[in-house]
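Beneath this line is the structure, given in structure tokens, with notes to follow.
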Amino acid sequence: MKNIFDFTLDDLTVFMVEHGFSQFSAKQVFDWVYKKTNFNIDEWTNISKKCREFLKESIEFYLPKVIWDALSKDGTRKFLVQMKDNHTVETVVIASRDRLTQCISSQVGCAIGCTFCHTGTQGFTRHLTAGEIAGQYMAITLWLRNNVHPDERMSNIVFMGQGEPLHNYENVKKATTNFLNDRAFGLSQRKVTLSTSGLVPKIKMLHDFPPVNIAISLHSAIDDNRTELMPINKVYDLKRLFEAIKEIPLKAHRRITYEYLLIDSFNDRKEDIEALSNLLKIKESKINLIPFNEYPGSKYKKPSAKKVLWFMDQMCQRGYTCTVRATKGDDILAACGQLKTQYEQLNTWDNQIEVSRV
Ligand code: SAH
Ligand code: SF4
């Protein structure tokens with residue numbers, strides 16, 4: 001049986017027409033599912049009985065199940081969601097000023113194996129389906145409505161949970177299509193961000209992807225050092241990466257975000273600043289500095305707050321738009337790179353680490 005959350009509106013239209021129903025019936029189904037969040041087909045009374053019987057026989061409404069949740073002192077919520085085959089992934093909801101951002105996972109584990117990343121250390125298990133990716137947003141929306149406030153709504157999505165989204169290109173594309181479709185989740189393009197470690201062949205396919213914000217995990221502008229952090233740089237080095245980035249279609253006023261993890265005495269030195277400013281074009285780039293999040297067994301260290309501010313200041317002086325990502329949800333190991341599917345371990349870590357902000 002097909003999962004409703006695997007269908008884009010176009011897919012469902014084709015499916016309904018193939019089975020002898022009208023194009024309009026697909027829109028009606030989408031309205032019940034996404035606008036009214038009513039998954040009880042018997043109550044879809046504006047749809048013919050025959051059509052409802054067909055839907056009952058051919059479509060299921062499977063959403064990932066929230067099996068664990070934790071609330072950090074700074075308001076970050078972390079969830080462990082379980083798929084049908086019992087695999088789990090984490091998803092995090094981060095509150096900041098007027099935004100409520102969901103950090104979504106695209107795979108169980110990750111094949112890229114970055115040496116600084118908690119997820120990277122668990123290897124790759126499988127891709128998530130489009131329905132499991134979009135289903136994280138629906139499942140958490142419903143959870144927040146039931147447990148926080150009936151009007152609670154997440155405004156932004158970042159593909160910065162577990163997995164490399166471009167490695168799972170087709171499913172991430174389908175889920176993103178539903179995130180942006182007004183008949184489905186209806187988020188604005190500017191509120192969805194895809195982050196990639198630099199999978200060059202897939203970056204070259206972004207002209208065929210819904211026009212969301214793109215973030216590139218750069219982390220070093222020096223090839224040898226980037227390779228040490230990200231094995232993908234052996235194949236897709238900085239030269240190939242930036243040739244591909246040039247091809248990303250950007251609407252006039254938009255820029256690429258470069259995520260730059262700051263690791264103590266590794267990539268936070270003067271020569272790193274020089275290399276970074278030689279590599280990035282000021283007008284086309286935004287830099288997001290991310291102080292390294294330490295986790296049990298991590299081999300790198302977080303730089304001091306003073307060092308982080310110095311690095312940012314140096315880039316600002318050179319004309320770059322530069323922000324520092326506040327470390328959110330540290331006390332529940334929900335911060336970036338700390339997502340690892342072992343919730344027994346997470347439970348024991350709960351409350352042990354103070355939330356730190358840079
Ligand atoms: N795989 C994609 C998206 C998920 S990772 C990518 O790598 O871009 C999301 C972000 O978390 C990336 O910028 C990644 O570099 C960052 N991250 C991973 N491990 C981290 C750690 N230990 N501390 C801080 N950020 C980390
Ligand atoms: Fe995968 Fe991103 Fe972690 Fe690298 S940083 S191992 S690409 S999830």
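For reference, positions follow the sequence shown, starting with 1. Worth knowing before you read on, the calculation uses all heavy atoms, side chains too, and leaves out hydrogens, waters and symmetry mates.
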| field | Within-4.5 Å side-chain heavy-atom neighbours: I133 and I104 | value | yes
| said: Please evaluate residues E259 and H219 with respect to the criterion side chain to side chain contact (heavy atoms under 4.5 Å, CB included), reporting the C-alpha separation (whole Å), side-chain torsions for both, the decisive distance (0.1 Å), and the verdict. | reply: CA-CA 6 Å; E259 292 163 284; H219 308 326; 4.3 Å; yes
| Side chains of T119 and Q162, donor plus acceptor under 3.5 Å | no
| message | Would you say L262 ends up clustered with I222 if hydrophobic residues are merged whenever their side chains have heavy atoms under 4.5 Å apart, either directly or through other cluster members? | response | no
| said: Please determine whether a side-chain nitrogen of the Lys or Arg among E274 and K270 lies less than 4.0 Å from a carboxylate oxygen of the Asp or Glu. | reply: yes
| query | Counting distance only, does the side-chain N/O of S58 pair as donor-acceptor with the main-chain N or O of F54 below 3.5 Å? | reply | yes
| request: Quick one: closest heavy-atom pair of Y62 and Q82, and the distance? | output: OH-O, 3.3 Å
| query | Is any side-chain heavy atom of M230 less than 4.5 Å from a side-chain heavy atom of I112? | reply | no
| request: Kindly indicate whether the side chain of L218, heavy atoms from C-beta on, has any atom under 4.5 Å from the side chain of L276. | output: yes
| task | May I ask you to decide if the ring planes of W32 and W44 are parallel, tilted or perpendicular, using 30° and 60° as cut-offs? | result | parallel
| field | Cluster overlap V14 with F30, hydrophobic side-chain contacts below 4.5 Å | value | no
| said: If you take the centroid of each ring, where Trp contributes its six-membered ring, are F266 and F292 closer together than 6.0 Å? | reply: no
| Going by heavy atoms in the side chains, are L63 and L142 under 4.5 Å from each other? | yes
| query | Does one hydrophobic cluster hold both L12 and V17, with members joined at side-chain heavy-atom distances below 4.5 Å? | reply | no
| With a 4.5 Å limit on heavy-atom distance, are the side chains of Y260 and M315 in contact? | no
| field | Parallel, tilted or perpendicular: rings of F185 and Y34 (30°, 60°) | value | perpendicular
| said: Determine whether the aromatic ring centres of residues F209 and Y169 are separated by less than 6.0 angstrom. | reply: yes
| request: Examine the side chains of T196 and E164 and answer whether a donor and an acceptor come within less than 3.5 Å of each other. | output: yes
| task | Mark yes or no for whether Y137, through its side chain, and A175, through its backbone, hold a donor-acceptor pair below 3.5 Å. | result | no
| task | Please report the shortest heavy-atom distance between S285 and L280, naming the atom on each side. | result | OG-CB, 3.7 Å
| How about I273 and R318: do any of their side-chain heavy atoms sit closer than 4.5 Å? | yes
| said: I'd like to know if the side chain of Y320 and the backbone of S277 have a donor-acceptor N/O pair within less than 3.5 Å. | reply: yes
| request: Measure the shortest side-chain to side-chain distance between W68 and K78 over non-hydrogen atoms and say whether it is less than 4.5 angstrom. | output: yes
| said: I want to check something: taking the side chain as every heavy atom from C-beta on, are L55 and F61 in contact at a cut-off of under 4.5 Å? | reply: no
| note | Heavy-atom nearest pair, N3 first then E60, reads OD1-O, 3.3 Å
